[in-house]
Every structure is written in structure tokens, then in C-alpha cells.
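These notes are about the structure you will find just below.
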Amino acid sequence: MANEKDFITVSQLGNYIKKIFDTEEMLHNISIFGEISAYKLYRGDTAYFSLKDEDATIDCVMFGANKLQFEPKVGESVIVKGTPNYYVKGGRLNFNVRSMLAYGKGALYLKFLQLKEKLQKEGLFDDAHKKVVPDNAINIGVATSLQGAVLQDIRNVSYRRNQAVNLFVYGCRVQGVGADDTIIKAIKVLDEMNLDVIIVARGGGSSEDLDCFNSEKLARVVYDCKTPIVSAVGHETDFTIIDFVADKRAPTPSAGAELVVANVSVYREQVLKLINRMSIAVNRLNTDGKLRLNLSMDKIYTKLLYNNERSAQNLELRSQQLDRFESALIVNKTNNLNLLTQALEKSNPLTIMRRGFAQLMDEEAQVVKSVGQLKVGQDLKINLVDGCATAKINKLSRRD
């Protein structure tokens, strides 16, 4: 018969193995790279899955998996962070996962999440600090690349909605190392121009392409800017740090222009509806006046049949008074309508252009207000009421 000193129990072995895992600091809070297999979500928040590579597999469990910012799928590569745990009763080794990162997003995504959490704790995303973004801006700053379709899209949308807007464009790089410094410079210059709003814009791209908009120093400049800022970076599904700090986010650059430029055609329709309502009101007043006049005339005619000549004379005087009252009422209402129509016409931004005036803009889309802004040989864009033209300066002279 074997001596008890020659063996140990299964429980003793299991507890010994567990003690090794629990006391080994090198195994605590480690990151593991592998491929997901057999992923199951239990009760909506606890995930059970295996992590494998070519030579090994380990079972994993993650509590609070429903809070992940992506949906793990079988076959995807991930980086999990946690601690191995040995369950004595079942004789099973599990890896308890505390966090999971999709490997395809890598270090850039991790940096994005860390900076987002840091700035959010500091209050840079709070609505209480956001400025009101105007929906009928006239003087608009645009910080974007001078190449590509983004700037042209913003111009097309803005001028289609309101030809009276002024776009002040400051070119900057929107991709690559150091691009955030050029964006910061553009914002600072535009912020000193007392504009209505500034649009920071870029088209869609990969996470690497948009990474310059995840700059901490750029985020702080946007936060400190005294001019309202609209972030119009990437596509609708793209999010960068500047989207959370800006006063308002637009899903695309074109949407950013629509957000701040009023559609004057809508106002024009409202004015026309108002004029039509006033015309109907005046006609109704005229009709009511004529009805009251007819009633009065009927009464007067009845009295003429039964009264003497003196009564007839008095009746004629009253009839003339009524005629004058009717004429004065119609003239007064007509004059009021004409005054209202003239006031509404003067408020139309196209009225000035219809009188032969035009808007001059230089090659940088700046509005020309003085001869001092011009030089001989310079190309100009002339905005007219029904289109635009291009001209070259042959001679300059100043007015005494």
C-alpha cells in the first residue's frame, strides 16, 4: 500500500497551479494578440470565446462586452488585455479579458480613444462651452486644402443658396505629418477676421489620412477659438477629435456649407406669400367698403322717395362724402401696399445687382473694395445678377 507522503490530491494540485497564476505578477494585466473563434454573447453582456494562433488556443471570458465600440466577429484578429485565471473545480484555464482592441485599427485607434477620454474629462466636449453656429452667415471662413473637390463643393453649395455670401479661404494641408500645424495656423488667421463662422473641411479617407484631425494641440486651438467652428471632416461615418470639440459637426463638407448658409429662395417665397396675403386683405377691405356703401345708398334712395327737396340736397352731400371716403380708403390701402412692396424689394440682395452693380473678387476669392487691392494684369471674377465673368485689369487710376 502506497504511503500518503508519496502523492497529493487533485485539489491540492489545482490549488497549487492556481496559486502560481495568482502570484505571478508577470501574468497580470498582459496583452495577447490572436484570432477570435467560437464567439458567443451570453445574457447580452458576457462574451465567451477562444483566442488562437497557428499553434495554440486559450479560452477567454469578457464581462461587459456589450460596451465595446465594435462588434467582434469570428476570424478577426484582436488584442485583448487581462489576466489568466485557473479554475480549480473545473480544472480549466481561462483568460479574463478587461479590454479588447480590433487589431486593424491598431495604435491610431488606441491613441484616439485615449485622447478622447482625456479631453472629455477636461470638459472640452461639454455643450455648455459650445458657441451658437449661425444658419444665415454672410462672412464665412474656410480652412481646407486648395486642391481637390472639397473647396469647390463648398463654393457651389454656398453660392447656390445665397450669392451674397463672402468666402474667405485659407489653404492648409489636411493630411500627413505636420498637417495639424497648418490647420492651426489657418484657424488662428481666420479667427482674427471677425467672421460669422469658420468651416474646417476635408473629404473622406482612411484613419491614417484623417489622423491629423486627432491632434491634441489642434483640439485645444478649436476650443479656444472665439469664432464658431463647424467641423466638416470626412464622411458621415468618420469621427475625429475635432468633431467633438467643434461647436457643431457636419457629416460632409457640403453639409457644412448648407448648415451655415441660408437658402434665400425660401425667403423669397415667404416674401411673395406675404405680398399675396396683403393683396387679398386689401381686396377684402375694398369689397367690404363697397358693400357698406351699397347699403347706405339703398337707404338714401328710400329717403329720397319720401323727403322734400332739402332732404334730397342733404342726401347728395352725404353721397359725395361717401364717395370721397371710399376713394381715400382705396388710395390709402394702395399706398401702404406699394410702400410694403418697395421695402421688400429693397431687402432683396439681388436688387442692387439688377441696377447694374456687380461684385469683384480676386484670385483668392477676396471681395475687392479698393483700388489698392489691385494691380495691372491681375485677373478678376465679376459676379453679376445672372452669372459671372472673368476680366483682366489693363489700367488703374485713383479717384481724387
Side-chain angles (χ1 to χ4, degrees), residues 68-71 76-79 99-122 124-125 130 133 140-157 169-191 197-225 227-260:
L68 286 172
Q69 297 189 10
F70 69 101
E71 183 180 355
E76 290 184 341
S77 295
V78 295
I79 299 175
S99 64
M100 180 187 299
L101 180 66
Y103 179 70
K105 298 178 181 178
L108 286 179
Y109 185 66
L110 180 60
K111 183 185 74 171
F112 167 81
L113 293 178
Q114 291 172 342
L115 179 59
K116 180 174 179 286
E117 181 180 5
K118 175 184 176 181
L119 298 181
Q120 187 170 22
K121 288 181 179 179
E122 292 184 25
L124 268 69
F125 302 164
K130 296 187 181 297
V133 175
I140 303 169
V142 181
T144 189
S145 172
L146 298 180
Q147 288 76 38
V150 169
L151 178 57
Q152 192 59 43
D153 288 344
I154 292 176
R155 282 174 170 165
N156 290 340
V157 171
V169 182
Y170 197 101
C172 56
R173 292 195 294 115
V174 292
Q175 180 177 332
V177 177
D180 55 337
D181 291 327
T182 68
I183 301 170
I184 289 173
K185 182 179 180 181
I187 292 175
K188 287 183 175 180
V189 171
L190 293 171
D191 192 34
V197 68
I198 297 173
I199 301 175
V200 180
R202 188 206 189 281
S206 65
S207 299
E208 291 78 8
D209 294 338
L210 302 178
D211 188 53
C212 61
F213 294 96
N214 292 324
S215 164
E216 180 175 353
K217 56 185 177 180
L218 173 59
R220 297 191 184 279
V221 168
V222 171
Y223 179 78
D224 294 333
C225 188
T227 308
I229 288 187
V230 173
S231 172
V233 177
H235 297 305
E236 187 170 0
T237 56
D238 297 324
F239 280 90
T240 60
I241 292 297
I242 191 177
D243 293 327
F244 300 100
V245 186
D247 300 296
K248 189 162 288 188
R249 174 186 182 262
T252 63
S254 296
E258 292 178 350
L259 191 68
V260 300

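- Considering all non-hydrogen atoms of both residues, Lys130 and Ala246 come closest at NZ-O, 2.7 Å.
- Partners of Phe125 by ring-ring contact (aromatic ring centres under 6.0 Å, His included), not counting sequence neighbours, listed by chain and number: Phe244.
- Annotation: side chain of Glu216 is not in contact with side chain of Ile241 (no heavy-atom distance under 4.5 Å).
- Using a 4.5 Å heavy-atom cutoff, the side chains of Leu68 and Met100 are in contact.
- The backbone N or O of Pro251 sits nowhere less than 3.5 Å from a side-chain atom of Arg249 that would complete a donor-acceptor pair.
- Counting heavy atoms from C-beta on, the side chains of Phe213 and Ile183 come closer than 4.5 Å.
- With no hydrogens or angles considered, a side-chain donor-acceptor pair links Ser231 and Asp243 at under 3.5 Å.
- Shortest non-hydrogen contact noted between Ser254 and Asp153 is OG-CB, 3.5 Å.
- At least one side-chain heavy atom of Val197 sits under 4.5 Å from a side-chain heavy atom of Pro228.
- The distance from atom OH of Tyr223 to atom SG of Cys225, rounded to the nearest 0.5 Å, is 13.0 Å.
- Nearest heavy-atom pair, Leu119 versus Ala219, reported as atom, atom and distance to 0.1 Å: CD1-CB, 3.8 Å.
- Closest non-hydrogen pair, Asp209 versus Gly205, comes out as OD2-CA, 3.8 Å.
- Taken to the nearest 0.5 Å, the CD1 atom of Ile198 stands 12.5 Å off from the NZ atom of Lys188.
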### Task
Go through the steps for Val233 and Asp238 under the test side-chain contact (heavy atoms from CB on, under 4.5 Å), then give the verdict.
CA-CA 8 Å; Val233 177; Asp238 297 324; over 6 Å; no
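- Using a cutoff of 4.0 Å between basic side-chain nitrogens and carboxylate oxygens, Arg220 and Glu122 are scored as salt-bridged.
- Counting heavy atoms from C-beta on, the side chains of Ile184 and Lys217 come closer than 4.5 Å.
- The residues Asp180 and Arg173 are annotated as not salt-bridged, no charged nitrogen and carboxylate oxygen being separated by less than 4.0 angstrom.
- From Leu259, atom CG reaches atom CD1 of Ile199 across 8.0 Å, with rounding to the nearest 0.5 Å.
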#### Entry: Chi angles and distances behind the side-chain contact (heavy atoms from CB on, under 4.5 Å) call for Val150, Arg202
CA-CA 6 Å; Val150 169; Arg202 188 206 189 281; 5.7 Å; no
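- Among all heavy-atom pairs drawn from Gly176 and Cys212, the shortest one is O-CB, 4.3 Å.
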### Task
Apply side-chain contact (heavy atoms from CB on, under 4.5 Å) to the pair Asp211 and Phe112, showing each step before the final yes or no.
CA-CA 9 Å; Asp211 188 53; Phe112 167 81; over 6 Å; no
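- In terms of the side chain to side chain donor-acceptor pair (under 3.5 Å) criterion, residue partners of Asp191 (sequence neighbours excluded) are, by chain and number, Thr227.
- Between Leu218 and Ile187, some side-chain heavy-atom pair lies under the 4.5 Å cut-off.
- The heavy-atom pair separating Thr144 from Ala201 by the smallest distance is OG1-O, 2.9 Å.
- Val230 places none of its side-chain heavy atoms less than 4.5 Å from the side chain of Asp247.
- A donor-acceptor contact shorter than 3.5 Å links the side chain of Thr182 to the backbone of Ala179.
- Rounded to the nearest 0.5 Å, atoms OG (Ser77) and CG (Leu101) are 11.5 Å apart.
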### Task
Kindly determine whether Leu151 and Val169 satisfy side-chain contact (heavy atoms from CB on, under 4.5 Å), including the steps that lead there.
CA-CA 9 Å; Leu151 178 57; Val169 182; 3.7 Å; yes
